[in-house]
Amino acid sequence: MKIACFNINGIKARIGALSDWLEEADPDVALLQEIKSIDENFPRSHFEDMGYTVETHGQKSFNGVAILSKLPLEDVTFGLPGDDVDEQARWIEATVVDKRAVRVCGLYLPNGNPVPGPKYDYKLAWMERLYARAQELLHSEEPFLMAGDYNVIPQDEDAARPEAWEKDALALPDSRAAYRRIVNLGLTDAFRTVEPGSGHYTFWDYQAGAWNRNDGIRIDHFLLSPQCADLLLECRIDKEVRGQEKPSDHVPVWVRLNA
DNA sequence: ATGGTGGGGCTCCCA
């Protein structure tokens, strides 16, 4: 089972690039972030024609997450529990059924800038809710993963120029501590099991020639539960996607599971 | 210190 996450930065602008990558990479499941679309405007039938079941959790203009799956999905839920008045569409869950069942969670964690301010407060509060949801899922003891745009640079080695991010919401000590607290529940950063060290990024800003200078950061992550980590076969970043026509500022990350 | 780019959707917000 091949599962990918991809912050596409707008489905309308990315329908071509996303379709090309799906054809090439052929994931069974694609967790999409920043669809920037309401559910009614998502080009559902286009992806259904490519063989995917489509589940969206959209909102107008901003955020929005989706799941495309060639395998059957069960128990699809929308929104991160823990705040009934939160209207931002940043979380979607489903159980993917093949040889085994795996619970997949697609997430778009708040950016949090500028700091200090309400956006940073919202980021940390959202991470607290993520911690609680991870705890609940761990208690179930079923294999699960949480993947997407975490908007967290976990360590200095995850940035080409860590000094440029020192005071940014993506790398501040409180952001890193909140992320570490979640990982330390017993989750595995899938990419770090196959590629230790620096120089591996998932995001390059559109500005200032960041891609050409390889001035990137690693902020898109797969966190695996212990039962899911047991099934891990492979994890990769599809870096070349960033150099193709009309790219997103993020690239896909994917895992292959023995499931 | 500034401005650099891109998406959404509508004149400015968000990243």
Side-chain angles (χ1 to χ4, degrees), chain A residues 5-21 30-44 46-47 56-66 80 86-91 106-127 130 147-154 158-172 174-176 178-179 201-221 237 239-253:
Chain A
C5 71
F6 191 2
N7 180 323
I8 57 173
N9 190 18
I11 186 58
K12 204 167 121 193
R14 215 64 61 213
I15 188 159
L18 173 59
S19 302
D20 290 349
W21 169 75
L31 305 169
L32 306 180
Q33 298 85 46
E34 280 207 274
I35 64 172
K36 294 186 172 180
S37 161
I38 58 174
D39 296 332
E40 293 73 19
N41 291 346
F42 192 89
R44 164 180 297 272
H46 171 81
F47 296 103
T56 62
H57 181 42
Q59 72 178 84
K60 193 182 175 188
S61 306
F62 308 118
N63 310 320
V65 288
L80 182 62
D86 184 4
E87 291 180 352
Q88 300 192 30
R90 297 178 173 277
W91 181 265
L107 69 100
Y108 177 46
L109 204 147
N111 176 294
N113 285 302
V115 181
K119 291 187 175 179
Y120 193 56
D121 296 341
Y122 175 68
K123 177 178 194 155
L124 295 179
W126 203 94
M127 295 181 82
L130 177 58
D149 180 358
Y150 278 76
N151 269 315
V152 173
I153 302 167
D158 297 306
R161 293 186 305 126
E163 69 282 1
W165 299 92
E166 261 173 20
K167 294 174 180 167
D168 192 282
L170 276 60
L172 278 171
D174 284 349
S175 302
R176 287 183 169 177
Y179 176 83
Y201 312 124
T202 64
F203 168 93
W204 296 259
D205 203 293
Y206 288 122
Q207 304 177 72
W211 167 247
N212 291 325
R213 296 185 290 113
N214 195 25
D215 180 11
I217 53 178
R218 192 176 73 94
I219 57 175
D220 299 88
H221 309 299
I237 298 171
K239 180 178 182 177
E240 71 285 353
V241 170
R242 186 63 178 79
Q244 292 168 1
E245 201 177 332
K246 212 165 160 34
S248 170
D249 40 7
H250 296 250
V251 297
V253 183

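Please read these numbers as outputs of a predicted model, since none were measured by experiment. Naming convention: chains lettered A, B, ... in sequence-line order (proteins, then strands); numbering from 1 in each chain.
Scored by the salt bridge (charged side-chain N to carboxylate O under 4.0 Å, His left out) test, A/Asp149 finds no partners at all (sequence neighbours excluded). In terms of the salt bridge (charged side-chain N to carboxylate O under 4.0 Å, His left out) criterion, residue partners of A/Asp86 (sequence neighbours excluded) are, by chain and number, A/Arg129. Residues that satisfy the ring-ring contact (aromatic ring centres under 6.0 Å, His included) test with A/Phe47, not counting sequence neighbours, are A/Phe42. With sequence neighbours left out, the salt bridge (charged side-chain N to carboxylate O under 4.0 Å, His left out) criterion links A/Arg14 to no other residue. Scanning for salt bridge (charged side-chain N to carboxylate O under 4.0 Å, His left out) contacts around A/Asp215 gives A/Arg161, A/Arg213, with sequence neighbours left out. Shown here are the side chain to side chain donor-acceptor pair (under 3.5 Å) partners of A/Asp39, two or more places apart in sequence or in another chain: A/Thr56. In this view, A/Lys123 satisfies the side chain to side chain donor-acceptor pair (under 3.5 Å) rule with no residue, not counting sequence neighbours. Residues passing the ring-ring contact (aromatic ring centres under 6.0 Å, His included) test with A/Tyr150, sequence neighbours excluded: A/Tyr179, A/His221.
If you take atom C1' in B/dG9 and the same atom in B/dC14, they sit 12 Å apart, rounded to whole Å. Rounded to whole Å, the separation between the P atoms of B/dA1 and B/dC12 comes to 28 Å. Spacing between B/dT2 and B/dG6 at atom P, rounded to whole Å, works out to 23 Å.
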Got a list of side-chain donor-acceptor pairs under 3.5 Å for residues 239-246 of chain A, not counting sequence neighbours?
| unit_1 | atom_1 | unit_2 | atom_2 | d |
| --- | --- | --- | --- | --- |
| A/Arg242 | NE | A/Trp204 | O | 3.3 |
| A/Arg242 | NH2 | A/Trp204 | O | 2.9 |
| A/Arg242 | NH2 | A/Asp205 | O | 3.3 |

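Boundaries of the chain A contact region on DNA chain B are B/dG4 to B/dA15, first to last in 5' to 3' order (nucleotide atom under 4.0 Å from a heavy atom).
A/Glu87 CD: 12 or fewer foreign heavy atoms inside a 6.0 Å radius.
Non-hydrogen atoms lying under 4.0 Å from DNA chain B are contributed by A/Tyr206, A/Gln207, all within residues 203-211 of chain A. Residues from residues 106-115 of chain A placing a heavy atom under 4.0 Å of any atom in DNA chain B, listed by number, are A/Tyr108, A/Asn111.
Side chains of A/Asn113 and A/Lys119: a donor-acceptor N/O pair is absent below 3.5 angstrom, by distance only.
A residue-by-residue look at A/Lys36 and A/Asp149 shows that A/Lys36 has its nearest nucleotide of DNA chain B further toward the 5' end. Heavy-atom nearest nucleotides on DNA chain B were determined for A/Asp249 and for A/Ile38, and the one closer to the 5' end corresponds to A/Ile38.
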